[in-house]
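Quick notes on the structure that follows.
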Amino acid sequence: MDKPNYQLIPLGDQAIMVQMADQIDPQENQRLQAIARLISGPEILGIVPAYSTLTVNFDAQQTTMARMMDRLDEVIQQSLQMELPPAKTWLIPVSYGGEFGPDLGDVADFAQISPADVIKRHTDTDYLIYFLGFLPGFAYMGSVDQQIAMPRLATPRLSIPAGSIGIAGQQTGFYPVTSPGGWRLIGQTPIQLYDPQSPQSFYQAGDYVRFVPVNQREFKQIQVAAERNQYQVEVIDHA
């Protein structure tokens, strides 16, 4: 098989960045995730995924840069022989606008469409989770319809409620915990996205998310059920 288009870039003396593409590409990102699952060993200190790169930190006392380069070449070739794992699509309920989405009107003005059209465009796409970061369970997803891809706020808010759904350019995502942030808030989900008692998210990089609009009555019903551990997030398993 031909060598794929990638680069291995040393970062200092204990890290290598795998660069698969110079732009956001779902297939290349899923390949990076497959590579990450194949990398293991006591010399590996950490693996940091991003949209189009994967940074591997290693212990220089246990191996060398040249050996790690050779190993990553082998892992990449091995990943190309594998089928990418089937994805899951999580159906996340969202109440849009009002107190839950204070920036919905601004996004509509930016796009020169109605708030209802913003909601339709946001819910018409299944978003790939490219990677998790920034906060526990914060999923970076894309790509948002170009017309509603409004840039983030010039001055971030000091506190954004947990469950808020935002847009930042062609990215979309949800805030799993209350935190500062500069994304344009268009809605909120009533489900619990992060539990400190069980910090592993139910979703992971490589999954898809489909946002499903709900009204305020449905929002409250789901919120109460979630608080009682009686709500199960719907998922479409493409296996």
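For the residue pair Asp195 / Ser198, no side-chain donor-acceptor distance below 3.5 Å is found, with atom types taken as modelled. Residues Tyr231 and Gln221 bring no donor and acceptor atom of their side chains to less than 3.5 Å of each other. With 3.5 Å as the limit, one finds no donor-acceptor pair spanning the side chains of Gln77 and Asp73.
Close placement of the Tyr51 and Tyr130 rings is indicated, their centers lying within 6.0 Å of each other. Aromatic rings from Trp90 and Tyr208 are positioned such that their centres are separated by 6.0 Å or more. Taking the ring centroids of Tyr194 and Phe174, they lie at or beyond the 6.0 Å cut-off.
Between the side chain of Asn29 and the backbone N or O of Ala50 there is at least one donor-acceptor pair closer than 3.5 Å. Ser164 places no side-chain N or O within 3.5 Å of a backbone atom of Ile160 that could act as its donor or acceptor partner.
In the hydrophobic clustering, where aliphatic and aromatic side chains (Ile, Leu, Val, Met, Phe, Trp, Tyr) are joined below 4.5 Å either directly or transitively, Val48 stands alone. Alongside Val212, the hydrophobic cluster contains Leu91, Ile236 (criterion: ILVMFWY side chains under 4.5 Å).
Between Arg184 and Asp103 there is no salt bridge, since no side-chain N of the basic residue sits under 4.0 Å from a carboxylate O of the acidic one.
In this structure, Phe211 and Tyr127 have tilted ring planes: the angle between them lies in the 30° to 60° band.
We find the CD-CD distance between Glu28 and Gln19 to be 10.0 Å, quoted to the nearest 0.5 Å.
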